[in-house]
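Reading through the structure tokens given below for one structure.
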Amino acid sequence: DVFTTPIGMKKNRPGVLVSVLCEEASIERMEAVLFCETATFGVRRYPVMRSKLERREHDVLTPLGTVRGKLGWRDSQPVVFSPEYESCKRIASEKGVALRVVYAAALRAFESERPASA
């Protein structure tokens, strides 16, 4: 994963922080890309730990169509549903509605299929 963050550098110069998350085996290759493709003279690195939910794919049926998503859970906490962006985007384009409308419909569909005791 790569993401950028606008930052203020010394002497009030604007800058961009490039953050790269990669497996340990890829560090040297990623640093080579950064040194080749940017003007940086140095790279700071440190290990990062990640906690994640158990997950599996799950589809919900909405009035607009079937939306793909993922279920996530951990221990005895409630299951969460996250609609997939590309699935929502496709349906929004096909139906001529806003992306947020499809996303909201998917969440409502998931809530309506959840047992009342969950």
Side-chain angles (χ1 to χ4, degrees):
D1 289 343
V2 177
F3 60 94
T4 59
T5 308
I7 60 171
M9 307 280 288
K10 62 184 173 187
K11 299 183 182 179
N12 267 346
R13 294 183 184 134
V16 177
L17 173 67
V18 178
S19 299
V20 179
L21 300 175
C22 68
E23 298 289 333
E24 190 171 1
S26 301
I27 291 174
E28 287 188 30
R29 189 166 47 97
M30 295 299 108
E31 286 184 348
V33 170
L34 290 169
F35 285 124
C36 180
E37 299 292 340
T38 72
T40 191
F41 275 58
V43 173
R44 288 183 180 90
R45 61 177 150 124
Y46 51 92
V48 175
M49 304 299 285
R50 179 180 183 209
S51 297
K52 61 184 182 176
L53 298 176
E54 296 291 323
R55 64 185 83 182
R56 72 173 168 84
E57 291 184 2
H58 183 76
D59 296 345
V60 293
L61 182 58
T62 76
L64 298 166
T66 301
V67 176
R68 283 193 96 66
K70 287 185 184 157
L71 295 178
W73 67 92
R74 180 178 182 180
D75 301 325
S76 61
Q77 296 175 348
V79 173
V80 295
F81 174 71
S82 180
E84 290 288 344
Y85 171 78
E86 291 297 330
S87 180
C88 291
K89 178 181 161 187
R90 178 185 51 77
I91 291 171
S93 177
E94 288 173 0
K95 300 296 183 178
V97 298
L99 179 64
R100 64 183 171 78
V101 171
V102 179
Y103 193 85
L107 292 176
R108 279 192 308 275
F110 175 70
E111 286 304 319
S112 70
E113 72 181 29
R114 187 191 297 242
S117 63

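Note that this is a predicted model, so its numbers are computed, not measured. When reading the values below, keep in mind they use all heavy atoms of this one structure, side chains included, and skip hydrogens, waters and symmetry mates.
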Under the 4.5 Å side-chain heavy-atom rule for ILVMFWY, direct or indirect, which residues accompany [X]?
X      : answer
Phe41  : none
Phe110 : Val60, Leu64, Val67, Leu71, Trp73, Val79, Phe81, Ile91, Val97, Val101, Val102, Tyr103, Leu107
Val80  : Leu53
Tyr85  : Leu99

Which residue pairs pass the side-chain hydrogen bond (donor to acceptor under 3.5 Å, both in side chains) test with at least one member in residues 49-60, sequence neighbours excluded? Glu57-Arg68, His58-Glu113, Asp59-Arg68
Pair listing, salt bridge (Lys or Arg N to Asp or Glu O under 4.0 Å) test, anchored in residues 85-99, at least two apart: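 Listed once each, the pairs are Arg90-Glu94.
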Mind listing the side-chain donor-acceptor pairs of residues 8-22 below 3.5 Å, one per line with the distance, residues two or more places apart or on another chain?
none

Once salt bridge (charged side-chain N to carboxylate O under 4.0 Å, His left out) is applied, do any residues pair with [X], and if so which ones, sequence neighbours excluded?
X      : result
Arg108 : none
Lys70  : Glu84
Arg45  : Glu31

Residues two or more places apart in sequence or in another chain: which of them pass side chain to side chain donor-acceptor pair (under 3.5 Å) with Ser26? Arg29
Do Phe35 and Val33 sit in one hydrophobic cluster, given that two such residues count as connected whenever their side-chain heavy atoms are within less than 4.5 Å of each other, even indirectly? no
Can you name the closest pair of heavy atoms from Pro83 and Ala106 and give their distance? CG-CB, 3.8 Å
